[in-house]
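All values derive from a computational prediction rather than experimental measurement. Remember, it's 1-based here, ligands and their atoms both numbered in the order they're listed.
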Amino acid sequence: MKNIIIAIDGPAGSGKSTIAKLIAKKHSLTYLDTGAMYRMVAFFSLENNVDLNDELSVKKMMEEIRLDINNEQFMVNNKDVSKEIRTPEITRIVSKIASIKQIRENLVQLQREIAKGKNSILDGRDIGTVVFPNADLKIFLIASPEERAKRRMKDYEMKGINEESYEEVLSALKHRDHIDMTREESPLKKAENSIEIDSSNLSIVEICDEISKYILKLGE
Ligand code: CDP
C-alpha cells in the first residue's frame, strides 16, 4: 500500500504541533515539525551574524548548516538547540527567514526527503499547497488571534519565559501572520481540498477525534 501523507497548515499558535504530535502517536505516523526547521535556520543565522539581505551569504549558510531531527530533539551542526529555537528572540526573526526563497527551496527538499517512504504527518504553512500538494488529507487549523496569543502565553509560562506581555505576544503574532500570508514565496493560505477546523472553541481531544475520523476513512 502507498504511504499516507497528512498535512496540517495554519497560522501561528493555532495548535498544529500539539495536534500533529497526538495524531502521530495515535495512528503510528512519523511527525515532522517544519516550523522548527525554519527556527533552526533562524538560530544559525543569528549565531553566525549572517547578512540575510545578501544572497551569497545565505547560499553559504545553507551549504554550511546541517539539520538533524530526532523526535523532539533538534540539532544544528551537532548542537542541541531544542530549547533555544522556541524563544521570543527566534520567534521574532523566523518569518523573515521563512520569506527567503533560497532557504525555502532547501528546506522543502529536505522535508520531502524526510517524509518519503513513511506514513507521515507534517505541520507548517505550505505543506498542503507546496510541499505535498497531493497529500492524502489536508487540515487547515485556525483560531482567533486572541485565543492563539493566550495559548502562546501559557506555553511561555510553562517554559519559564516571561519576556513579553500578552499585548506584545498578540501584536508579534499578528505581525508574523501578516508576513506569512503576504510573502511572495509560498504564502500561508488554505489549500484546495483542505478541511478547515476552527480550534477556538474546541478541546484538543475534540480536534483529534475529528481529524481521526478523516484518517480512518482513508483506509476504507
Ligand atoms: O509554532 P508556531 O505556530 O509559532 O510557528 P512554527 O510552526 O514554529 O513556524 C515558525 C515560522 O516558520 C512561521 O511563522 C513561518 O514564518 C515559518 N514557516 C513556514 O514559512 N513554512 C512552514 N512550513 C513552517 C513554518
Side-chain angles (χ1 to χ4, degrees), residues 5-21 31-46 52 67 69 72 74 76 81-115 120-133 135 138-145 147-156 158-159 161 164 168-191 194 199-200 204 207:
I5 299 277
I6 298 173
I8 303 201
D9 291 302
S14 54
K16 300 179 301 288
S17 60
T18 307
I19 301 295
K21 268 184 229 166
Y31 166 54
L32 182 62
D33 176 350
T34 65
M37 297 169 78
Y38 291 93
R39 289 171 179 273
M40 289 160 97
V41 176
F43 174 87
F44 186 92
S45 76
L46 212 58
L52 297 173
L67 309 181
I69 303 173
E72 301 282 303
F74 301 95
V76 174
V81 298
S82 313
K83 279 213 179 83
E84 290 83 345
I85 58 171
R86 307 291 173 192
T87 59
E89 190 184 21
I90 294 296
T91 302
R92 271 192 294 273
I93 64 160
V94 66
S95 285
K96 161 78 184 161
I97 289 284
S99 67
I100 300 171
K101 184 171 181 207
Q102 214 171 343
I103 297 178
R104 296 205 73 84
E105 283 177 354
N106 244 277
L107 294 188
V108 167
Q109 195 191 342
L110 193 56
Q111 288 155 16
R112 288 182 182 142
E113 275 166 25
I114 294 173
S120 304
I121 181 162
L122 299 90
D123 80 328
R125 304 291 188 284
D126 60 341
I127 309 302
T129 51
V130 175
V131 185
F132 287 111
K138 300 180 188 179
I139 303 289
F140 197 66
L141 198 60
I142 57 163
S144 70
E147 178 61 32
R148 293 187 280 124
K150 253 197 264 169
R151 291 178 189 167
R152 193 42 54 97
M153 283 301 281
K154 244 194 217 159
D155 233 39
Y156 283 153
M158 263 165 38
K159 291 177 183 150
I161 299 173
E164 289 183 337
E168 282 167 330
V169 169
L170 178 63
S171 129
L173 189 134
K174 283 183 176 166
H175 180 60
R176 193 145 59 95
D177 281 354
H178 178 75
I179 302 180
D180 290 348
M181 290 191 281
T182 56
R183 70 182 176 218
E184 223 165 276
E185 296 302 324
S186 320
L188 166 66
K189 62 172 185 229
K190 189 171 179 275
S194 68
S199 73
S200 305
I204 291 170
I207 302 166

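The heavy atom nearest to atom 25 (C) of ligand 1, considering only Ala42, Gly35, Ala20, Ser14, is found in Gly35. Considering each of Val130, Thr18, Asp126, the one bringing a non-hydrogen atom nearest atom 23 (N) of ligand 1 is Asp126.
When non-hydrogen atoms are compared, ligand 1 lies under 4.0 Å from neither the backbone nor the side chain of Met37. With a heavy-atom cut-off of 4.0 Å, Arg148 does not touch ligand 1 at all. Residue-level proximity to ligand 1 for Arg176 is carried by the side chain, the only part with a heavy atom below 4.0 angstrom.
Ligand 1 places these atoms under 4.0 Å from at least one heavy atom of Gly124: 22 (C), 23 (N), 24 (C). The distance from ligand 1 to the heavy atoms of Ser95 drops below 4.0 Å at these ligand atoms: 14 (O), 16 (O). Which parts of ligand 1 touch Asp180 is read off a 4.0 Å heavy-atom cut-off, strictly below it: atoms 13 (C), 14 (O), 15 (C), 16 (O).
Here the protein heavy atom with the shortest distance to atom 17 (C) of ligand 1 is Ala98 CB, 3.5 Å.
Taking 4.0 Å as the cut-off, Arg183 counts as a neighbour of ligand 1 on heavy-atom distance.
Salt bridge present: Glu72 and Lys21 bring a charged side-chain N and a carboxylate O closer than 4.0 Å.
Although no hydrogens or angles enter the test, the distance criterion places no donor-acceptor pair under 3.5 Å between the side chain of Arg148 and the main chain of Arg151. The main-chain N or O of Ile8 is never found under 3.5 Å from a side-chain atom of Asp123 such that the two would form a donor-acceptor pair. A donor-acceptor pair under 3.5 Å is formed between the side chain of Ser199 and the backbone N or O of Ser14. In terms of modelled atom types and a separation under 3.5 Å, the side chain of Lys138 and the main chain of Pro133 share a donor-acceptor contact.
Note: an N/O pair closer than 3.5 Å links Gly13 and ligand 1 by distance alone. Residue Arg104 has at least one N or O atom closer than 3.5 Å to an N or O atom of ligand 1.
Heavy atoms from other residues, nucleotides or ligands lying under 6.0 Å from NZ of Lys159 number more than 12.
Remark: the Arg104 side chain and the Tyr38 side chain contain an N/O donor-acceptor pair separated by less than 3.5 Å. A donor-acceptor contact closer than 3.5 angstrom links the side chains of Arg39 and Thr91.
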